[in-house]
Amino acid sequence: MKKTLLALALMTGPLSAFAAKLPVVASFSIVADMTREVGGDRVDVVSLVGADQDAHVYQPTPADVKRVAGAKVFVANGLGFEGWLSRLSRSAGFKGITVEAAKGVKPIEEHEEHGHGGHEGHDHGEINPHAWHDLLAAQRYVANIEAALEKADPAGRDYYRGRASAYTAKLKELDAWAIKSFSAIPAERRKVLTSHDAFPYLGKRYGIRFIAPQGVSTESEASAKGVAQIVREVKKQKVSAVFFENMADQKLLGQLSREAGVKVVGKLYSDALSAPSGPAPSFVALFRYNADTLLKALK
């Protein structure tokens with residue numbers, strides 16, 4: 001009986017020390033962390049774009065091509081976030097399972113974005129890809145990742161489902177806290193200037209107006225006319241706070257801060273986690289840090 005139970009545990013739970021883990025490649029650090037949360041001890045996850053690095057300007061290396069070629073699952077954000085994705089997959093001759101974590105999320109389009117941001121320039125067409133900042137959307141990410149891992153490793157189905165359920169419960173609790181906390185701040189004070197347009201999903205979900213000089217990609221550049229327009233907008237809207245991002249150029253934001261007379265009050269984590277020693281080494285920690293930082297400034 002004991003041997004039977006042990007065999008069952010090995011089939012549905014973490015792999016033994018002698019069993020090979022499922023090789024997974026993730027496009028950038030945030031979806032890599034989500035995948036580790038769902039996959040636990042059954043997966044070995046490598047992130048192509050690491051902590052504090054910018055996925056918008058990432059260029060695949062020969063080593064990355066080799067990593068993708070050897071993976072069974074490739075986890076990407078989707079929504080046009082990784083413009084290099086199809087090129088990398090072709091170069092690697094990838095034959096495994098590709099999962100777009102944001103599949104099924106209702107995207108924010110350009111005309112909606114302007115209602116929350118007010119900027120010029122878009123490198124991703126009409127769709128903003130930064131959906132993970134909405135914790136309701138993040139739960140869809142978790143479900144999509146779980147389904148892909150289960151497909152690649154059917155023996156781990158119960159294990160993946162259990163971990164995905166626990167992780168989703170944590171995200172739901174954090175989402176409820178954020179809604180309650182931001183709603184306690186008067187709407188006229190919930191106005192923020194950031195480096196690039198990475199937070200429209202956060203803004204839409206939690207009632208915050210974000211203004212950004214750059215478009216949805218850090219590769220875009222704001223024109224002189226655009227900068228002047230944003231300065232006028234910041235003054236008109238009486239923006240409460242200016243934040244720079246962990247992987248963005250701070251020069252433009254500093255210029256806007258000076259010209260608009262609004263102080264830069266802190267840093268937000270947008271497209272990448274922090275290093276393990278930083279304040280945002282996981283996605284849950286990233287969201288909590290950003291929310292706490294925003295709440296402190298807006299109050």
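The basis for the numbers below is simple: all heavy atoms, side chains too, and nothing from hydrogens, waters or symmetry mates.
- By the 6.0 Å contact criterion, CZ on Arg163 is enclosed, its count of non-hydrogen atoms from other residues, nucleotides or ligands being greater than 12.
- The backbone N or O of Ala147 sits nowhere less than 3.5 Å from a side-chain atom of Glu150 that would complete a donor-acceptor pair.
- If you chain together hydrophobic residues whose side chains sit under 4.5 Å apart, Ile179 and Val192 fall into the same group.
- A continuous path of hydrophobic side-chain contacts links Leu286 to Val284 [ILVMFWY only; heavy atoms under 4.5 Å].
- Using a 4.5 Å cut-off on side-chain heavy atoms (C-beta onward), Asn144 and Glu100 make no contact.
- Between Ile145 and Met34, the closest heavy-atom pair is CD1-CB, 3.8 Å.
- Taking both residues in full, the closest heavy atoms of Val38 and Ala164 are given as CG1-CB, 4.2 Å, listed atom of the first, atom of the second, then distance.
- Put simply, the side chain of Arg67 never gets that close to the backbone of Val25: no donor and acceptor are under 3.5 Å apart.
- If you take CD1 on Ile208 and CG on Leu295, they are separated by 7.5 Å, rounding to the nearest 0.5 Å.
- Of the inter-residue distances, the one linking Ser183 atom OG with Tyr206 atom OH reads 12.0 Å to the nearest 0.5 angstrom.
- Nearest heavy atom pair, residue Pro129 against residue Tyr201, reads C-CE1, 4.3 Å.
- No donor-acceptor contact under 3.5 angstrom links the side chains of His56 and Asp54, judged on distance only.
- Nearest heavy atom pair, residue Ala55 against residue Phe28, reads CB-CB, 4.2 Å.
- Using a cut-off of 4.0 Å between Lys/Arg side-chain N and Asp/Glu carboxylate O, Asp153 and Lys72 are scored as not salt-bridged.
- When side chains are defined from C-beta on, Ser29 does not count as touching Phe283, because their heavy atoms never get closer than 4.5 Å.
- For the pair Arg205 and Asp134, the salt-bridge criterion is met [side-chain N within less than 4.0 Å of a carboxylate O].
- In terms of heavy atoms, Thr98 sits closest to Phe94 at OG1-CE2, 3.2 Å.
- The shortest side-chain heavy-atom distance between Leu149 and Val43 falls under the 4.5 Å cut-off.
- Looking at Gln139 and Thr168, their side chains never bring a donor and an acceptor atom within 3.5 Å of each other.
- The closest donor-acceptor contact from the side chain of Trp132 to the backbone of Ser270 lies under 3.5 Å.
- Using a 3.5 Å distance cut-off with no hydrogens or angles, the side chains of Asp52 and Tyr269 do not pair a donor with an acceptor.
- Put simply, the side chain of Arg87 reaches to within 4.5 Å of the side chain of Pro60, judged on heavy atoms.
- Taking all atoms of both residues into account, the shortest heavy-atom contact from Ala148 to Ile97 is O-CD1, 4.0 Å.
- Between the side chain of Ser165 and the backbone N or O of Arg161, no donor-acceptor pair lies under 3.5 Å.
- Contact annotation: the side chain of Leu48 approaches that of Leu88 to within less than 4.5 Å [non-hydrogen atoms, C-beta and beyond].
- Put simply, the side chain of Glu146 does not reach to within 4.5 Å of the side chain of Tyr167, judged on heavy atoms.
- No hydrogens or angles considered: a donor-acceptor pair under 3.5 Å links the side chains of Asp64 and Tyr58.
- A cation-pi arrangement is present between Arg288 and Trp177 under the rule of less than 6.0 angstrom and at most 45 degrees off the ring axis.
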Next item on the list: For the pair Glu37 and Asp33, evaluate side chain to side chain contact (heavy atoms under 4.5 Å, CB included) and give the outcome as yes or no after the intermediate values.
Entry: CA-CA 6 Å; Glu37 287 288 340; Asp33 179 69; 4.3 Å; yes
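- Side-chain atoms of Tyr141 and Lys103, non-hydrogen and from C-beta on, never get closer than 4.5 Å to each other.
- In this structure, Ile30 is not a member of the same hydrophobic cluster as Leu136, with clusters built from ILVMFWY side-chain heavy atoms closer than 4.5 Å.
- Rounding to the nearest 0.5 angstrom, the gap separating the NE2 atom in His130 from the CG atom in Asp271 is 4.0 Å.
- Put simply, the side chain of His133 reaches to within 4.5 Å of the side chain of Asn290, judged on heavy atoms.
- Side chain of Arg189 to main chain of Leu298: a donor-acceptor pair is present (N/O by atom type, distance under 3.5 Å, no hydrogens or angles).
- Taking the six-membered ring where the residue is Trp, the centroids of Phe287 and Phe199 are separated by 6.0 Å or more.
- A side-chain donor-acceptor contact under 3.5 Å links Arg190 to the backbone of Phe182.
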